Amino acid sequence: MSKIAHYLQEHLVGEVMTSVDARRYFSTDSSIVALPPALISYPRNESDVRKAARFSWQLAERGRIIPLTPRGSGTDSTGGAIGSGLLMVFPAHMNRILELDTKSGEVTVEPGINFGKLNQTLQTHGRYIPTFPASVEYSTIGGSVAMNVAGEKSIKYGSISNYVKRLRVVLANGEVIETERLSKRDLNKKLGMATFEGEIYRALDGLLEENHELIATMQRPVTKNNAGYNLIDIKDRDGSFDLSALFIGSQGTLGIISELTLMSDGYNPNTSLIMATFDDLQNVQAAIDSLSSSKELPSALEIANNGLFEAVDQLNPNQIKDLLPHPRPAYVLFVEYDNPSDRLQKRLAHHAKRVLEKLATSVQLETEPEAQQRLWKIRQVSSSYIAHSDGFKKATPLISDSSVPPERLSELIAGVGDLFRHIDIKPLALWGHAGDGILHIQPHLNLSQVGDRQKAFRLLDDYYKLVLSLGGSISGGRSDGRLKAPYLEQMYGTEVYALLKKVKQIFDPYGTLNPGVKFGTSVDDLKRLLRPDYTFGHIYDHLPRS
Ligand SMILES: Cc1cc2nc3c(=O)[nH]c(=O)nc-3n(C[C@H](O)[C@H](O)[C@H](O)COP(=O)(O)OP(=O)(O)OC[C@H]3O[C@@H](n4cnc5c(N)ncnc54)[C@H](O)[C@@H]3O)c2cc1C
C-alpha cells in the first residue's frame with residue numbers, strides 16, 4: 001500500500017482502501033467512461049473530509065496532485081463520480097438526518113443520505129422534496145445537489161436548487177464554510193476575512209462586478225440549465241450574495257458538500273393523472289404549449305414515444321401488453337395535477353382533458369391510485385429499456401438530458417429522428433420531461449465495436465449542435481461531467497468559457513477538485529476513457545428500498 005494510503009489510514013477515522021477489487025468497482029459510475037481511483041475512502045465525518053482535503057492541498061503545494069472526487073451512489077451518467085485520485089464515498093457512513101423541523105419542514109442531513117429514504121421520512125410528516133430524479137431510490141442528496149437534479153415534477157417545482165437553504169462545504173484547502181444568502185453587510189464581513197474563504201469572496205465578487213454583461217449572455221430561453229456554473233443567481237440587485245448557487249450543480253469541482261439544510265414542500269398523494277395518446281407531433285407540441293403556459297402548471301408533463309414502447313414490447317412482451325392500444329401510439333403525454341385543493345385540482349384536470357381531447361387520439365383521466373399506477377407503468381417502462389442488454393448492445397447514456405425551450409421540443413424530436421436515420425441508429429426510443437423541453441435518449445449501441453463507437457461520437461457532436469441551434473443547453477436536468485465537458489465552450493463561446501475557468505481557478509488553484517469534470521476533458525480523452533464493455537450493472541447494488 002502506498003505511503004499516501006498509510007498516511008490517510010492513520011489520520012482518517014473512516015476506512016481507506018486500495019485493493020484491486022475496490023479500485024475496479026469504483027472505476028465506473030453510470031456513464032460510458034471509466035477511470036480507476038488510486039484510493040477509496042468512506043469518510044466518517046466532516047473532519048475526515050477536511051483532513052483529506054488539507055492533505056491533498058499540502059501535496060499539491062509541493063507539486064504532487066492527488067485529485068479528490070466526492071461520490072454518492074455513483075448514478076451519475078456524465079462520468080462525474082469517477083476520478084483517478086482519492087474517491088470519497090459518502091453513503092457508507094455520512095448518511096444521517098441531523099435535524100428535522102416537522103413544522104417548517106426544514107431538514108439538515110449528511111450528504112450520503114439516500115434521497116428516497118429522506119423523502120419517505122418527510123412523507124410521514126406530510127412533506128417531501130418534489131424535485132427528485134427518476135433515480136430517487138438509488139441516489140444520495142449530496143450527489144443530487146451537486147448535479148442540481150430535476151425530475152418528473154420539475155415543470156412545477158423546478159430543480160433541487162429551489163430547496164437548498166444552507167450548505168456546509170469543505171474547500172480545496174480543508175477549510176469549512178457555510179453558504180446561504182448573505183445581506184450586503186454580511187458580505188462585506190466576508191470580504192474582509194484573511195482566510196481562503198475571504199480570498200474566494202473577494203476574487204469572485206470582483207469577477208462578477210467586472211463581467212455583468214458577459215454573465216447576462218449566459219441566460220438561455222430554457223427552464224433548466226446546468227451547463228458550467230450558475231453565475232447568474234449569486235449576487236442579487238440588492239447586493240445580497242449566496243455562494244450556494246455555485247456549489248449546486250458543480251459536481252464537486254469547487255468544494256465538497258459535507259452538510260445540507262433543505263426545505264421541503266407539502267406532499268399530496270391524491271392527484272389527478274391524464275394519459276393522452278397522439279399520432280401527430282405537431283399536436284403533441286400544441287398540447288405542451290397550451291398546458292405549460294397556463295398559470296397553474298401541472299405537477300408533471302411527461303412524454304414517451306412508440307420507439308420506446310415497441311422496444312419494450314420486444315424485450316418484455318407482457319410488460320405493457322394491454323395497457324396501450326395496438327399499434328402503439330406515436331407519442332403519449334402524461335399530465336398530472338397535485339393541487340392540495342380538491343376543487344382546484346379537479347377543475348384544472350378537466351380543463352386539461354378538454355384541451356387534450358381536441359388534439360389527441362385518446363384521453364384517459366384517472367383519480368384512483370391503482371389506475372394511476374397502471375398508467376405510470378407505461379411511462380416507467382424506460383427503466384426496462386435501459387436495463388436490458390442484448391449481448392454487448394446496450395442502451396447507452398450518451399445524449400440524455402439536454403434541454404431546449406419547451407415550445408421547440410417537436411423540432412428537437414424531429415431533428416434527432418433525422419440524426420438517427422443519417423447515422424443509422426435504431427430504434428429511436430425517447431422519453432422525458434416535455435414541460436421542461438428535456439428528452440432522455442439512450443441509443444442501443446455496442447461500444448466494443450469500432451463502427452458503433454464512431455456512431456456514438458458522431459451522435460454526440462451532431463446532437464449538441466442540434467440542441468444549441470434550438471437555443472438549448474447541453475446540460476438541462478443534470479450537470480456536464482466529463483461527457484459534456486468538450487462541448488461547454490461551444491455552448492457559451494470563448495469569453496464565457498474563460499470566465500468559468502477563472503471561477504474554477506479561484507476555488508481550486510491547484511486543480512485537485514474533481515479534475516476532468518466540466519473542464520479538461522476533450523473528445524479524444526473520452527475516446528480513451530470509453531468503456532467498451534459499458535454496463536448498467538452498478539444499479540443493482542442500489543435496488544429500490546421498501
Ligand atoms: C436510471 C437513471 C435515471 C436518472 N434520472 C435522473 C433524473 O430524472 N434527473 C436527474 O437530474 N438525474 C437523473 N439521473 C442522474 C443521477 O442519478 C442523479 O443526478 C443523482 O441524483 C446523482 O446522485 P448520486 O448519489 O448517484 O451521485 P453521484 O453519481 O455519486 O455523484 C454525482 C456528482 O456529484 C458529485 N458529488 C457527490 N457527492 C458530493 C458531495 N458531497 N459534494 C460535492 N459533490 C458531490 C460527484 O462528484 C459527481 O460529480 C439518473 C441516472 C440514472 C442511472
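Note that the coordinates shown come from a computational prediction; the quantities given were computed from them, not determined experimentally. Order of appearance sets the numbers: ligands from 1, and atoms from 1 within every ligand. Throughout, residue positions are numbered sequentially from 1 according to the sequence presented.
Polar contact check, Tyr138 against ligand 1: no nitrogen or oxygen pair lies under 3.5 Å apart. Distances between N or O atoms of Pro70 and those of ligand 1 include at least one value under 3.5 Å. For the pair His440 and ligand 1, the shortest N or O to N or O distance does not fall below 3.5 Å. Any N or O atom pair closer than 3.5 Å counts here, and Phe90 shares no such pair with ligand 1.
Per-residue contacts place Gly477 under 4.0 angstrom from the following atoms of ligand 1 (heavy atoms of the residue considered): 11 (O). Interface of Asn514 with ligand 1, defined as ligand atoms under 4.0 Å from a residue heavy atom, comprises 47 (O), 49 (O). Interface atoms of ligand 1 facing Gly255, defined by a heavy-atom separation under 4.0 Å, are 43 (C). Of all the atoms in ligand 1, the ones that sit under 4.0 Å from a non-hydrogen atom of Pro111 are 41 (N). Taking every non-hydrogen atom of Gly80 and a distance limit under 4.0 Å, the qualifying atoms of ligand 1 come out as 46 (C), 47 (O), 48 (C), 49 (O). Near Ala150, with a cut-off below 4.0 Å to any heavy atom, the atoms of ligand 1 are 7 (C), 8 (O), 9 (N), 10 (C), 11 (O). The Ile386 neighbourhood of ligand 1 comprises atoms 1 (C), with distances under 4.0 Å to a heavy atom of that residue. Ligand 1 places these atoms under 4.0 Å from at least one heavy atom of Met147: 19 (O), 32 (C), 33 (C).
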Review point. Are Glu175 and Arg54 close enough, and set up right, to give a salt bridge (Lys or Arg N to Asp or Glu O under 4.0 Å), and what steps lead you there?
Key: CA-CA 8 Å; Glu175 242 176 83; Arg54 199 177 312 131; over 6 Å; no
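Ranking protein heavy atoms by distance to atom 29 (O) of ligand 1, first place goes to Asp76 N, 2.8 Å.
With distances taken over non-hydrogen atoms, the option nearest atom 38 (N) of ligand 1 out of Gly432, Gly143, Ser479 is Gly143. Residue nearest to atom 35 (C) of ligand 1, selected from Ala81, Gly79, Ala146: Ala146 (by heavy-atom distance).
Seen from the ring of Phe457, Lys527 counts as a face-on cation partner, given the 6.0 Å and 45° thresholds.
Relative ring orientation between Phe115 and Phe132 is described as perpendicular, the plane-to-plane angle rising above 60° on a 0-90° scale split at 30° and 60°. Between Trp431 and His440, the ring planes are tilted. Angles from 30° to 60° get that label. Tyr487 and Tyr464 have tilted rings, their planes meeting at an angle from 30° to 60° on a 0 to 90° scale.
Ionic pairing of Lys165 and Glu180 is not present here: no N-O contact between side-chain nitrogen and carboxylate oxygen is shorter than 4.0 angstrom. Residues Arg71 and Asp76 are not paired through a salt bridge, judged by the lack of any N-O separation under 4.0 Å between the basic side chain and the carboxylate.
Judged by the shortest distance from any of its heavy atoms, Phe536 lies inside the 4.0 Å radius around the atoms of ligand 1.
For the side-chain hydrogen bond (donor to acceptor under 3.5 Å, both in side chains) test, no residue two or more places apart in sequence or in another chain qualifies with Gln380.
Contacts classified as salt bridge (Lys or Arg N to Asp or Glu O under 4.0 Å) and involving residues 434-445 (residues at least two apart or in different chains) are given here: Lys224-Asp436.
When the shell of 6.0 Å around CD of Gln314 is examined, it contains 12 or fewer heavy atoms from other residues, nucleotides or ligands.
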